[in-house]
**Q** 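Before I ask anything, here is the structure I am working with.
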Amino acid sequence: MGITEGTVVELLQQGLQGYFYFVTTYFLVVNLVYTLFIVMSYREILRQVRHGSFSDHRILVQSELTPPISVLAPAYNESATIVQSVKSLLKLNYGKYEVVVINDGSKDDTLQQLVQEFGLYRSKRLYRPYVQAKPVRGIYRSMLPEYGNLVVVDKENGGKADALNVGINVAQHPYVCSIDADSLLEDDALQKVIKPFLEDDTVIAAGGIVRIANGCEVVNGRVVKVGLSKKLLPIFQVVEYFRAFLSGRMAWHSVNGLLIISGAFGMFRRAELIEVGGYRHDTVGEDMELVVRLHRVKREQRKPYRVAFVPDPVCWTEAPEQVSILSRQRNRWQRGLFDTLRIHLRMLLNPRYGVVGMAAMPYFFFVELLGPVFELLGYIVTMVMLVLGQLNAPMAFLFFTVALVYGVMFSVGAVLLEEISFQRYPNPKDLAVLIAFGVLENFGYRQLTVWWRIKGLIDYFRGKTGWGSMTRKGFELAKVSM
Amino acid sequence: MSVELLILFSLTVVATVFVVVVSVGLVVQKALHVRREVRRKKLYQEYASLFAEKLLEPLPPLPPRAKTSAIFEQYENLILPLKQRLAELSRKQREEHRSVMRMVLIDFAQDLRGDATDRLVYYFYSFKFVEDHIKMIGSRHWWIRAQAARDMGLVRARKSLAALTAALEDPHPDVRNQAMRSLLAIVGVEALRTIFRISRNMTRWSQIELSTHIVQFKREAVPYLLEGLLSPDKTVMAFCVELLGEIGFVDAVEPLLQLARTNDDADLRIRIVESLGRIGDERSVPLLREFARNPHAPLRLKAIDVLGRLHSVESIPLMVELFREGDFEQKLTTARAILKCGAVGKEVLETFRVVGNQIVNQILDEVFEEAQWA
């Protein structure tokens, strides 16, 4: 072997070794952060649960001082479920509110279903474009008094963000609540999510927790009995959602660093949305991008503000049950994340943006965005070192064991947070299943999501845009089929 | 063993212990919790039944010259067996039983009326729950202070009035809200005087909570709300303005008009205008006409809107001017207001239809359509 070859091999070995140490350090830092999240979330959830026992949101229904809300529900090709969805939205337990359904240029008979069922007529109401959006073809109101608070807007297809912008333009009330058309809201969802705005007038946006409805009993658009799905994939997602919502978002909420309000359910002050120009429609992560933009604008204006999170369950959604659909979803989330961080890159590690710039953005950049890349490279490096005979086997084994055990610890910690707070799974057997899946998800499921997220990044650089098809079968059908 | 291995090994042990302890602990804790709840439920039912008996049991009539305290002696005799039973228990058991008894009495307090309520209050004092609660109002944990404040209101414990009044200035909003509720429950509408005098920076939530109690008093609350208009705190003042509008008593008109003239805060004026609209008294019209020309757009639009709600036909010429010179929002608001003035207003609006002026015609179409379906 020549000197040159030996030097190259030595350099390679040092590089691999160096990367191994980097990943180890990275892993330690990330797990420290996760541990901090769990502690912060625990304290915040405890505070909110205690607070909830003294402030009964149901009084909002009794008082005339309760502010009115506009619920915005974009719909695209929802013919099969739109009527039931709208009916359940019209039965929410709240004082004064309107439901604005935005038909985003559906190719099926979504609009016709609505016109027929709700006795709609084409209104002469003027459309005022406070926020830029695709053209509106017509605004419809109901002739029937019981549907007096329903408004349907028909527009050219422009995507969910564009549809929401139209909703913002048409909304009449000072607070707007954006939801997915197939979200199942709890009866008192509006009461719970308006509360932060009433307790603190600096709150400009609030998100609610989204729960997985697969396996739950759904009647007339309401979850009447909570349970776990019999399929594996949704149960993994339940644990993931606990981790993301109860741990991650609660922790960020406690330091006013929350960057995401789920598109499935979020409430905003309408004036603030108009001020920042509404949703961007050139990104698939429009929900996160909007919240980050709100942070940016407020911090640049140096005005006090808060973006809040309500841990009380308010919204249920159908989680993908097929691997192909789940992979498309995670792919899109990763692309949306990268896009948002790219758009607001100047906030990253910029002290002008306080905890958002110095903590939240770096976390999402280095952990959520790049974490899968480091992890995959870690696996590859380990394999290469093993092949070259350079791997310290006990060290590597111990490292992977620690990684695995910590992964399990955080999943179990997230289940603990659920148990100390809302206990929506009353059956001890369900709790045991969730803990078991918290362990199992580290043997394959998590690695799958890492791969999907990396593929999302690759697709982003390849210029892929759009949502892909997200086939849903609807809750009533799912109940019958089980 | 190298340092790195040692670190990793230690981390593994810590994490593993955590996982095992938490997992097993969660499931065991849930099972124990279920058992504990079953036991408490059983105890609750037992004490509920006992107290129901004690609260409703007819008492022998007292002789005509009996002392006032004689009735309390009768109450005391009813619960003596319970006190003896408590004395026989161990300290831990006694605490649990007292906790359940307190829960039972507090739950009953929400439903009882008349003589039974007097007995219940007596029992609460006799078992020294009131003293316990007054101490709890001084706790360093806000949730304990809030719970104590709430319970005092439920059992109408007058002895706690001083503590509840002090709690109106508590740093935590939940404690303040519970204190307000309890004061209203114990003292009645007169508590509003103290509440408005002491309260500062009332959140919207606090206002909503308080409003649900105040509207039950209706006209009785009006004098206190009028006093509240003089509060140095803007949030209290604004709240009183809104509630006067909600209750809708005409005695409030002159004080509101006076306040609108002397206080130049635009937000407050908007609320005053809204309240005047809800009260619906014609004495408001001159001020509203003045505000309809105010440079602050939200106040101007609100005044125009209220002129419409008051069906102020004599203000139509003014509104016609405002329609002609106003921007889109002002045109829309004014058109709505004019239409609310009845047939006269409708005729006037029809004269606005101008061939070629699309915006005006669209505004009129929208306004007429709204009226048709209203």
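Just the heavy atoms: all of them, side chains too, but no hydrogens, waters or symmetry mates, feed the values below. On a predicted model such as this, the values are computed, not experimentally measured, just so you know. Chain A is the first sequence line, chain B the second, and so forth, proteins listed ahead of strands; every chain is numbered from 1.
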**Q** Verify side-chain hydrogen bond (donor to acceptor under 3.5 Å, both in side chains) between B/Thr212 and A/Ser63, making sure each step is shown before the conclusion.
**A** CA-CA 6 Å; B/Thr212 59; A/Ser63 174; over 6 Å; no
**Q** Does the plane of the ring in B/Trp142 sit parallel, tilted or perpendicular to the ring in B/His172? Use 30° and 60° as the thresholds.
**A** parallel
**Q** Output all residues satisfying ring pair (Phe, Tyr, Trp, His ring centres under 6.0 Å) with A/Tyr42, sequence neighbours left out; order by chain, then residue number.
**A** none
**Q** Can you classify the ring geometry of B/Phe323 versus B/Phe352 as parallel (below 30°), tilted (30 to 60°) or perpendicular (above 60°)?
**A** parallel
**Q** Check each atom of A/Ser123 against the heavy atoms of chain B and say whether the ones under 4.5 Å are side chain, backbone, both or neither.
**A** both
**Q** Go through the atoms of A/Leu431 and report whether side chain, backbone, both or neither lie under 4.5 Å from a heavy atom of chain B.
**A** side chain
**Q** side-chain contact (heavy atoms from CB on, under 4.5 Å) for B/Trp143 and A/His51? Distances and angles first, verdict last.
**A** CA-CA 8 Å; B/Trp143 58 91; A/His51 170 57; over 6 Å; no
**Q** Under 4.5 Å heavy-atom distance to chain A, tell me which part of B/Glu246 shows up: side chain, backbone, both or neither.
**A** side chain
**Q** What part of A/Asp200 gets closer than 4.5 Å to chain B, counting heavy atoms only: side chain, backbone, both or neither?
**A** neither
**Q** Side chain from CB out, backbone as N, CA, C, O: work out which of these in B/Ile363 comes under 4.5 Å of a heavy atom of chain A, or both, or neither.
**A** both
**Q** For B/Arg35, which residues count as a salt bridge (charged side-chain N to carboxylate O under 4.0 Å, His left out) partner, sequence neighbours excluded?
**A** none
**Q** Is it the backbone or the side chain of B/Glu370 that comes under 4.5 Å from a heavy atom of chain A, or both, or neither?
**A** neither
**Q** Heavy-atom cut-off 4.5 Å, strictly under: side chain, backbone, both or neither for A/Ile435 against chain B?
**A** side chain
**Q** With a sphere of 6.0 Å drawn around CZ of B/Arg200, does it hold more than 12 non-hydrogen atoms of other residues, nucleotides or ligands?
**A** yes
**Q** Can A/Glu98 and A/Arg141 be counted as an ion pair, charged N to O under 4.0 angstrom?
**A** no
**Q** If I measure from the heavy atoms of chain A, does B/Glu329 come under 4.5 Å with its side chain, its backbone, both, or neither?
**A** side chain
**Q** Report the C-alpha separation of B/Glu209 and A/Ser55 in whole Å, then their side-chain angles, then the decisive distance to 0.1 Å, and conclude whether the side-chain hydrogen bond (donor to acceptor under 3.5 Å, both in side chains) test is met.
**A** CA-CA 8 Å; B/Glu209 275 215 49; A/Ser55 54; 5.8 Å; no
**Q** Which bit of B/Phe239 is near chain A, if near means a heavy-atom gap under 4.5 Å: side chain, backbone, both or neither?
**A** side chain
**Q** Look at B/Val367, B/Ile359, B/Asp174 and state which one has the largest set of heavy-atom pairs under 4.5 Å with chain A.
**A** B/Asp174
**Q** Output all residues satisfying salt bridge (charged side-chain N to carboxylate O under 4.0 Å, His left out) with B/Arg353, sequence neighbours left out; order by chain, then residue number.
**A** B/Glu350, B/Asp365
**Q** State, without any angle test, whether B/Arg204 and B/Thr235 hold a side-chain donor-acceptor pair at a distance under 3.5 Å.
**A** no
**Q** What closest approach, in Å, do B/Ala109 and B/Val155 show between heavy atoms, and which atom pair accounts for it?
**A** CB-CG1, 4.0 Å
**Q** Side chain from CB out, backbone as N, CA, C, O: work out which of these in B/Glu242 comes under 4.5 Å of a heavy atom of chain A, or both, or neither.
**A** side chain
**Q** In terms of ring plane angle, is the pair A/Tyr94 and A/Tyr97 parallel, tilted or perpendicular, where the classes change at 30° and 60°?
**A** perpendicular
**Q** Do you know which of B/Phe328, B/Trp205, B/Phe368 has the most heavy-atom pairs under 4.5 Å to chain A?
**A** B/Trp205
**Q** Please look at A/Tyr127 and chain B and tell me whether the side chain, the backbone, both or neither of the residue comes under 4.5 angstrom of a heavy atom of that chain.
**A** neither
**Q** Who in residues 175-183 of chain B is close to chain A, using a strict under-4.5 Å heavy-atom cut-off?
**A** B/Gln178
**Q** Could you check which of B/Val215, B/Thr203, B/Ile208 has the highest count of heavy-atom pairs closer than 4.5 Å to chain A?
**A** B/Ile208
